[in-house]
Number of protein chains: 2
Amino acid sequence: MKGKEYGFVLGKFAMDEIDKKILTSLQNDARVTVAHLSEQVSLTSSPCWRRVKALEESGVIRGYHAELDPRRLGYDVTAFVSVMLENHRIDVGDSFEVAVQGIPQVVACHNVSGRYDFMLEVVATDLEAFGEFARNVLRTLPGVKEIYSSFSLKSIKHQRRLPLP
Amino acid sequence: MKGKEYGFVLGKFAMDEIDKKILTSLQNDARVTVAHLSEQVSLTSSPCWRRVKALEESGVIRGYHAELDPRRLGYDVTAFVSVMLENHRIDVGDSFEVAVQGIPQVVACHNVSGRYDFMLEVVATDLEAFGEFARNVLRTLPGVKEIYSSFSLKSIKHQRRLPLP
DNA sequence: GGTGAAAGCGAGGACCA
DNA sequence: TGGTCCTCGCTTTCACC
């Protein structure tokens, strides 16, 4: 944690404009060199490198990941699956969460408010494979009462860049 | 595009086990060095480097991005917003899509099947800010008839790793 | 497709202002 | 905090298998 005197306090990390620029760059391209990054933010590479490390250690940066193209990997189907559990006992929710963690086709999962309890994002090679997956895997997960599937017809925006105001 | 004689044809790219291992590593950590990557896949760094470049150029790897922690950036609210348009004329859908692209709070958006037309993932500093955003931005987008918001209470899985079978 | 070597550059640390 | 310098290791490319 840094002890800057200036800069916005966003959440738990005191960030200035330079940090925001760094984060913007790293969201766009996680493999930029510190040398290039330091040019963009008008610093020399050492302080720039130290800021990156501080952002990593503070947890602002959770990690760096390659973004793959699902279709080129053979995943022609992306589905958003809303799941309703039978009851709201803690252990039912917990075992559902644990089970979901272990299913690679589920690429994202949130516990949500509203009519359903969980929102899953699922990939599958095709509709048939998704159907089997829904029937044989999702519906058999602990406590599942109802599921509603909605298919992605087109991905309008998939870069998950957080805005840095 | 490579012309390998063996390996699975997944989608449009002929991949072998080594490519899959490379992609798995890069999904986990986009900043691994080629030197380290080549150790993991039992190659020397040159062919490993060429494979990575081929995967990038073929479009299997779309990019490398830093994953940031929304809460540490002050985004305490993540919402899934389902949007229904007034009609299904192409131009209405198109202008909605264009509008959405320009809104940084919308971190992801899909055109979907089912009761609603679009599924958005939105970040906001708090519920009040989200409410204002929904009222002043989302509801005023071209052609919007109805929106339904569901809030993420807990992120169960956010690493968006695609499985490499 | 793979290997090994070589040049050049960046990461990361020590130290000063 | 930012800047300079320095060194080791990696990246990248080459010629060759």
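When reading the values below, keep in mind they use all heavy atoms of this one structure, side chains included, and skip hydrogens, waters and symmetry mates. Below, chain A is the first sequence line, B the second, and so on; all start at residue 1.
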Which letters describe nucleotides 7-17 of chain C, given B = protein heavy atom under 4.0 Å from base, S = only from sugar-phosphate, - = neither?
---SSSBBB--
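- In this structure, B/Tyr75 contributes its side chain and B/Gln105 its backbone to no donor-acceptor pair below 3.5 Å.
- The OH-C1' distance, from B/Tyr64 to D/dT11, rounds to 13 Å in whole Å.
- Every residue two or more places apart in sequence or in another chain that forms a side-chain hydrogen bond (donor to acceptor under 3.5 Å, both in side chains) with B/Ser25 is listed here: B/Gln40.
- Nearest nucleotide to the side chain of B/Arg51, out of D/dT1, D/dG3, C/dG1: C/dG1.
- Atom CD of A/Glu39 is separated from atom P of D/dG3 by 13 Å (rounded to the nearest Å).
- The structure places OG1 of A/Thr78 at 10.5 Å from CG of A/Leu153, a figure rounded to the nearest 0.5 Å.
- Atom CD in A/Glu17 sits about 18 Å away from atom C1' in D/dG2, given to the nearest Å.
- Scanning for salt bridge (charged side-chain N to carboxylate O under 4.0 Å, His left out) contacts around A/Arg31 gives an empty result, with sequence neighbours left out.
- Put simply, CG on B/Leu164 and CG on A/Leu68 are 6.5 Å apart, with the number rounded to the nearest 0.5 Å.
- A donor-acceptor pair under 3.5 Å is absent between the side-chain atoms of B/Ser82 and the main chain of B/Met119, judged by distance alone.
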